[in-house]
Amino acid sequence: MNDSKSHPSYVAKYLKAVPRSGIRDFFEIVTTRKDVISLGIGEPDFVTPWHIRESSIYALNHGATSYTANLGLLELRQSISRYVEHRFQAQYDPTTEIMITVGVSEALDLAIRAIIEPGDEVLYHEPCYVSYGPIITFAHGIPVPIATHKENEFRLTREALEAKVTPKTKALLLNFPTNPTGAVLTQDDVEMLAEFAIKHDIVVITDEIYAELTYEGERPSIASIPGMKPRTIFLNGFSKAWAMTGFRIGFSCAPPELTETMMKIHQYTMLCAPVLAQEAAIEALKNGDKDVEEMRRAYKQRRNLMLKGFEAAGIPCLRPKGAFYTFPYIGDFGLSSQNFAMQLLEAENVACVPGTAFGACGEGFIRCAYAAGTNEIQEALVRIARFVKRLG
Amino acid sequence: MDELLQLLKTDGRQSVKTLADMLTLSEDEIRSRMTTYEQQGIIRGYRAVVNEDLLDPNRVRAAIEVCMKPDRGGGYDRVAERIGKFSEVESLHLMSGGYDLLVFVEGDSLKEVAGFVNERLATLDGVRSTATHFTLKTYKDQGVMMETGSEHERLKVSP
């Protein structure tokens, strides 16, 4: 019996307008196929280093099965405080300014909800991670994407920002190094962004989850710019650099009032991040530097390999300086991003993600992750080259 | 450690082209650096890591602790060199602690290894005593796990 027609829809109207992630649609097609080489994976192909996994097992053996403080284990917050100061030159008090969350995704949601009133506008750069637009909508804010372009290496420019800022602009959301483009900011860019934020009195939420995976050039954080701390929410986590995606541990650093507000939402919706994963994160910060260094080196080598392959195949691609994605330009082959990705999958069994999954200005691009084994990358490159040769 | 060496230590079969692409160097540069490492004796060889347990269940491995009488002038080196030249000896280390040399020996049978210890190793001048431990199973060798369990599969596409 199907009752669905006899009832009105119970779903909130504003949510109906949010499309589900383009990645999800693609995922469903890919899973129906066998022997696919996937460059479509947005997570490390490394397993979490054993000593980190083992620390979770040890904690479990010793009965670590309870809640933790809402803000997270103090020992972990203290480690994070030292880490952020050392690595990002920004000081945060572990007792009032740092909170452990369930991945950066939760932290980002909390940050937006903590500051947005209905109708507030939030600026963010596209192409970007798939959740940025929707979480702003979920908080009844208005997403205001700013297109970035390969000509500027997908960095934000003052002109583009000034063109979109209005009196209703409440926040600017940054993600450098960027998923999917691998773009990074220079010190000049960061200073420009800080000046812009101060001039228009807006909050900066900076998602720096890929910061450790920066391969060349500067690694400045806007959180370290004088005068920015009161208006900055700094987000980071363990998923990428320590290969801990499944542990779901992120964190936020923000002034006490903002942290307290985010904590209120976290307290009533999540309570705390899982204790076993927090224990693993303590170990990651204590003894994981060498792992991060080794994985960073491996990603860089694979990036080089992939860039060389695109070059040989005649596919233009910027040299990404961070994260583990390349974002080659395939717009000259006469296919839309979506069709290129679909046909590549059908013809050669290689999965990548159409650039449009990351915003309209991703048209003409595909995202290829190099968080994959070198043999896989090499075979995928052979297939991609064969595919574009046929396209002519 | 140099990135090239590190890559070769992980996979000695990488092609020169792949190594060149990964390190953004020319193929000639890779070749000449490998040759230099070989000439300097830093790279001592390239070989497969084999799980002998799967290959031949009768094959025997033993770790032998050797106590020695040091030689005036040569210390342990002269005897160690003599021991190392036996083809049965897979690896040989001078150790701190309760004995002097640790010798890993391989052979086709228990008898063969026993024969080597009795007839050749223990009888060497300078060797005071030996203690032989036979390997029952090898779990990890040269940094490689000998058995890999089923791997958890990642999602094929994720954001």
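Per chain, numbering begins at 1; letters A, B, ... match sequence-line order. What you see is a predicted model, and the numbers here were worked out from it, not measured in a lab.
Other residues, nucleotides and ligands place no more than 12 heavy atoms under 6.0 Å from the CG atom of B:D125.
In this structure, no portion of B:T10 lies under 4.5 Å from any heavy atom of chain A. Of the atoms belonging to B:L19, not a single heavy atom falls under 4.5 Å from chain A. Using a 4.5 Å cut-off between heavy atoms, A:Q378 touches chain B through its side chain atoms alone. For A:S131, no part lies under 4.5 angstrom from a heavy atom of chain B. In this structure, chain B has no heavy atom under 4.5 Å from any part of A:R24. Proximity to chain B (any heavy atom under 4.5 Å) is shown, for A:D45, by both the backbone and the side chain.
Smallest separation of non-hydrogen atoms from B:V157 and A:I23: CG1-CG2, 3.8 Å. The shortest non-hydrogen separation linking B:K156 to A:V36 is CE-O, 4.2 Å. Of all the heavy atoms in A:G42 and B:S158, the pair that sits closest is N-OG, 2.9 Å.
Separation of atoms CG (A:N304) and CE (B:M22) is listed at 8.5 Å; rounding is to 0.5 Å.
B:D21 places no side-chain N or O within 3.5 Å of a backbone atom of A:G309 that could act as its donor or acceptor partner.
No other option in B:D11, B:T18, B:L23 has as many heavy-atom pairs under 4.5 Å with chain A as B:T18.
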